[in-house]
Amino acid sequence: MATKAFQKIYTKIIQINKATCSLNAIGVGNDELATVNGKLAQVVKIMGDEVTLQVFEGTEGIPTNAEVIFLGKAPSLKVSDQLAGRFFNSFGDPIDGGPEVEGEEREIGGPSVNPVRREQPSELIATGIAGIDLNNTLVSGQKIPFFADPDQPYNQVMANVALRAKTDKIILGGMGLTNDDYLYFKNVFNNAGVLDRIVSFVNTTENPPVERLLIPEMALTAAEYFAVDKNEKVLVLLTDMTSYADALAIVSNRMDQIPSKDSMPGSLYSDLAKIYEKAVQFPAGGSITIIAVTTLSGGDITHAIPDNTGYITEGQLFLRRDSDVGKVIVDPFRSLSRLKQLVIGIKTREDHPQVMNAAVRLFADAANAKTKLENGFDLTDYDERTLAFAKDYSTKLLAIDVNIDTTNMLDVTWGLLHKHFKPAEVNIKQELVDKYWK
Amino acid sequence: MSTKGKVKGIISNLVTVEVDGPVAQNEIAYIELGSQKLMAEVLKVIGDKAFVQVFESTRGLKVGNNVEFMGHMLEVTLGPGLLSRNYDGLQNDLDKLTGVFLQRGEYNYPLDTEKLWDFKPIAKAGDKVEAGLWLGEVDENHQPHKIMVPFKLEGTFTVKSIVPEGEHKILDVIAVLLDSEGKEIEVTMVQKWPVKKAITVHTEKPRPFKLLETGVRTIDTANPIVEGGTGFIPGPFGTGKTVLQHAISKQAEADIVIIAACGERANEVVEIFVEFPELEDPHTGRKLMERTIIIANTSNMPVASREASVYTAMTISEYYRAMGLRVLMMADSTSRWAQALREMSNRMEELPGQDAFPMDLSAIIATFYSRAGYVYLKNGQTGSITFIGTVSPAGGNLKEPVTEGTKKAARCFYALEQARADRKRYPAVNPIDSYSKYIEYPEFEEYISKRISPDWTSKVNDMKTILQRGKEVQEQINILGDDGVPVDYHVTFWKSEVIDFVILQQDAFDKVDSVTPIERQEYMLNMVMDICRTDFEFNNFVDVMDYFKRIINVCKQMNYSVFHSDDFEKYVGELNVILEERKI
Ligand SMILES: Nc1ncnc2c1ncn2[C@@H]1O[C@H](COP(=O)(O)OP(=O)(O)OP(=O)(O)O)[C@@H](O)[C@H]1O
Ligand SMILES: [Mg+2]
């Protein structure tokens, strides 16, 4: 970030702690950027003429006579079509060896869409994965995370979803990505020949953690450019939001704020909501859909990060290994797409809602039967049938390696219902049973 | 001369202002930032320093910026034309704002000053009146919108003159009042009121007792709420709080519905924007939007105005209650409001209470809920505000300050349960833990026995007993195994399942099943309780399950059919055939 001529240079820092440093300065705006010996920092507090700066890289090695230059603007990104196909760091600087992007400079973290100017999401996003399309159908303008333990293949599933979804742009926001995962995404996009549709903002585990706080808003500023200025359908991938929240905790902890649950800042809900609520369907046709990853520790979704996320997003996709069939499935119990009712049975076949619910209910009965079995009880014929059904259902539909269209998924489900049950056992409207039972 | 000041310090949206004159707690101020003015509210004063929370982003704000204090607290503007509008938490009309994005510092007048209303006087010259009494009325979306003596006027007044029936704009003077000293006061159709203060223009607040029909069976039948009652819906994320609230707001027998979307998803508000102008009020046949006001402060909108939004909604509710109307107010989610309080309290470095919430959280919640209620107005008429809030407990754990504080304040408790939601048993209201305190009121008992039938309460109690028994039996079966218990146990369990599937579960997305009028609820409960009272003949437990599954299936088909339609009667016939098979 180049400095302009005639900028005042301050050289007297009066206080330094782990994350911040303070100095006397006047005419400084809240949220403004500055450099401290070349390291990027942002104004987080002003008291009279004392200004406190949060240094993104951390304050290691900063001397009391460091040169501080205020940049007169909040963090921003230059937007134009030149963003496409490029890789950037947290500050929006290219990391792919390519030239600087030319374009209009926009502050990141801009204002919210007026709710009355939003359009109701109504366009189905097909992924081919039945655990998603059948049970948890996604819609453009939706925001939804994968909840997964760190050992689940969430980045692979997310990349598959991104490539199969029919969108104009894919924007990757990588936070605390391992270098391997970064290269994985780069390769997959490259091999699919879609690199020109992709913009990436990447903070890897090798970069300072606090820097990644800028990633989501960088990605979303780029997304808003394509969705608003160009009326494009944009899919934003944010992985891993748990690393983002951990960085928030680091900062608030260093600034001595009172932590709330799980050492997270009390503002976690608002901080996450500000990001996720950027998902929107615009009336002019453009949209921003956010698919994120929230890694769990030991499957615990009551931890503050997944918990707050669940309260914000429009559902969640829960990945788990089904040991009965040896595959990773999209768990139908803990997963949910709250926007699905806007499309299922409307954009898909009429029987979709009822068939979907019936199958999940029977899958739940299977879970009960399994508990009985584990407790050493005899199983009834019905129990046996639910268990057989559950195996088929997991393999043919819930597994993440399934790739078929939605009508096909419905037919497969009816087939399984027919194979294992009687019509009276499935609790589906009679007219649908009459029509589709086969 | 209004007090002025200059910005001295900024931490996020907490700004310290050095002032040159008097300021009041909760006074509104505007901070200049370039050509914009940012609205703020005084939270604390120490010496000549006022600490204000800014209702917007403070990005770019500098020390030295000018501040002007307005001499009043945060107020709402009350008058004809509130209905059908979409406001933000500070009562800006969202439809009047320009552009796709919300611009910082853009505020507007919440009502239409040009529209002509057909005013009909109620009071006449010479009448003695006081605050809240009705001077006249206009027709607002088929509701008699009363023009009242301004709530701020204290004492008794004499009507000097009132305009005759005719068309007027809201800011026209429609009456002139004389105070005890003969001073003239001009009254228009508009008045302002500070949101944090309750409007108390009633004479009495008796215990509420009239059933508020919601069309949701697990509420009306099992744990009814009443006109002027309070209730809350806690539940982990995704268990159905919003769907349940939306269902109630669509179906409830209320004159006015006020929805405060407080720190939740924008798309959920859009759903209301899209549906309510199309859907009909099942009681009047008019469009739902006609009776609805939406206060939208979604989670991405400024946190500070989130707190204001619930108060804005409550004050507007009180305004309509003073007209003798039945108001239903919903807030989703009150936890977000509590979190906004927490963020501010932490920034002000107040001593934190449990989970870092403010110490007085429980009192704040109680005061807010107490603004609801059924009232006798000064003219003998009645009005009510029924308030239902959702609570989003952290980690789904009900032992947290917002849930506990609300439990003390609200009389109905609709506990949404993860396990039920996981099994798609919607609405996921736990029938055993949930309660309505109103059932215990003799006034309610008397009312309901006239409204439905004298034995209604005892039937509902029987139903609950069976549910309880069913749960106990199920636990025993889980421990002892299917054949470790007598066949009777299975029958008891399956009877409770019939109640669960047919009465409690209800598909909010099915056109027919979503709304069940009270007559139909009575019919279904009678039918289900008849089944539960019947003795059946079984030899083994497998038959029990198969048999009751068939019963449930037919009853569910009834729920999906129009009441007493040919289809419906056909299923009644089928049910009777099935019952005959094993009846003893
Ligand atoms: N009565 C119902 N009938 C059918 N489906 C329902 C019902 N209630 C809830 N659901 C399902 O559950 C989903 C989540 O419901 P809802 O959005 O109301 O949850 P919530 O408790 O408000 O969650 P949050 O706290 O995250 O806002 C809905 O999208 C819908 O799929
Ligand atoms: Mg909700």
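Protein chains get the first letters and strands the later ones, always in sequence-line order, with residue 1 at the start of each.
For A:Lys429, the parts lying under 4.5 angstrom from a heavy atom of chain B are both the backbone and the side chain. Of the two parts of A:Leu336, only the side chain, counted from C-beta on, holds a non-hydrogen atom closer than 4.5 Å to a non-hydrogen atom of chain B. Proximity to chain B (any heavy atom under 4.5 Å) is restricted, for A:Glu224, to the side chain, taken from C-beta onward. Using a 4.5 Å cut-off between heavy atoms, B:Gln339 touches chain A through its side chain atoms alone. For B:Arg306, the part lying near chain A is the side chain, with the backbone staying farther off; criterion is any non-hydrogen pair under 4.5 Å. Using a 4.5 Å cut-off between heavy atoms, B:Asp483 touches chain A through its side chain atoms alone. Within the 4.5 angstrom heavy-atom criterion, only side-chain atoms of B:Asp546, from C-beta onward, approach chain A. Contacts of B:Arg336 with chain A are made by side-chain atoms alone, with heavy-atom separations under 4.5 Å and no backbone atom involved. Interface remark: A:Arg118 contributes backbone and side-chain atoms alike to the contact with chain B (heavy atom separation under 4.5 Å). A:Glu314 touches chain B through backbone and side chain together, each having a heavy atom under 4.5 Å away. For B:Phe548, no part sits under 4.5 Å from any heavy atom of chain A, backbone or side chain. Heavy-atom distances place no part of A:Asp300 under 4.5 Å from chain B, backbone and side chain included. For chain A, the nearby parts of B:Val100 are the backbone and the side chain; heavy atoms of each come within less than 4.5 Å. Looking at B:Ile479, only its backbone comes within 4.5 Å of chain A, counting heavy atoms on both sides. The part of B:Asp355 that comes within reach of chain A is its backbone (N, CA, C, O), which places non-hydrogen atoms under 4.5 angstrom from that chain. Within the 4.5 angstrom heavy-atom criterion, no atom of B:Phe357 approaches chain A. At a 4.5 Å heavy-atom cutoff, A:Gln42 makes no contact with chain B through either its backbone or its side chain. Interface remark: B:Asn478 contributes backbone atoms only to the contact with chain A (heavy atom separation under 4.5 Å). Proximity to chain B (any heavy atom under 4.5 Å) is restricted, for A:Phe282, to the side chain, taken from C-beta onward. Only the backbone of B:Leu480 comes within contact range of chain A, judged by heavy atoms closer than 4.5 Å. Heavy atoms closer than 4.5 Å to chain B are found in the side chain of A:Val360, but not in its backbone. Of the atoms belonging to A:Gln341, it is side-chain heavy atoms, and not backbone ones, that fall under 4.5 Å from chain B. With a threshold of 4.5 angstrom between heavy atoms, A:Pro283 does not approach chain B through any atom at all. Interface residue B:Gln418: only side-chain heavy atoms are found under 4.5 Å from chain A. When heavy atoms are compared at a cutoff of 4.5 Å, B:Arg342 approaches chain A solely by way of its side chain, counted from C-beta outward.
B:Glu350 and B:Ser345 form a side-chain donor-acceptor contact under 3.5 Å, judged by distance and modelled atom types alone. There is a side-chain donor-acceptor pair under 3.5 Å between A:Asn30 and B:Thr58. Judged purely by distance below 3.5 Å, without hydrogens or angles, the side chains of A:Asp383 and A:Thr380 pair a donor atom with an acceptor atom. Checked by atom type, the side-chain pair B:Glu106/B:Asn92 shows no donor-acceptor distance below 3.5 Å. If you check the side chains of B:Ser514 and B:Asp510, you find no donor sitting under 3.5 Å from an acceptor. A donor-acceptor contact closer than 3.5 angstrom is absent between the side chains of B:Glu264 and B:Ser299.
A:Thr52 approaches A:Ser22 most closely through the heavy-atom pair OG1-OG, 3.3 Å. Among all heavy-atom pairs drawn from A:Gly109 and A:Thr221, the shortest one is N-OG1, 4.0 Å.
Looking only at side-chain heavy atoms (C-beta outward), A:Lys45 and B:Ile10 stay at 4.5 Å or farther from each other.
Put simply, the side chain of A:Glu425 gets close to the backbone of A:Lys422: a donor and an acceptor are under 3.5 Å apart. Between the A:Asn375 side chain and the A:Phe377 main chain, no donor and acceptor come within less than 3.5 Å of each other.
With chain A as partner, the option from B:Ser392, B:Ala356, B:Pro302, B:Gly99 having the largest number of non-hydrogen pairs under 4.5 angstrom is B:Ser392.
Between the CD1 atom of A:Ile305 and the CG atom of A:Leu296 there is a distance of 9.5 Å, given to the nearest 0.5 Å.
Environment of NZ in A:Lys274: sparse, with no more than 12 heavy atoms of neighbouring residues, nucleotides or ligands closer than 6.0 Å.
Between A:Phe147 and B:Phe237, the two ring planes are perpendicular [angle over 60°; tilted spans 30° to 60°].
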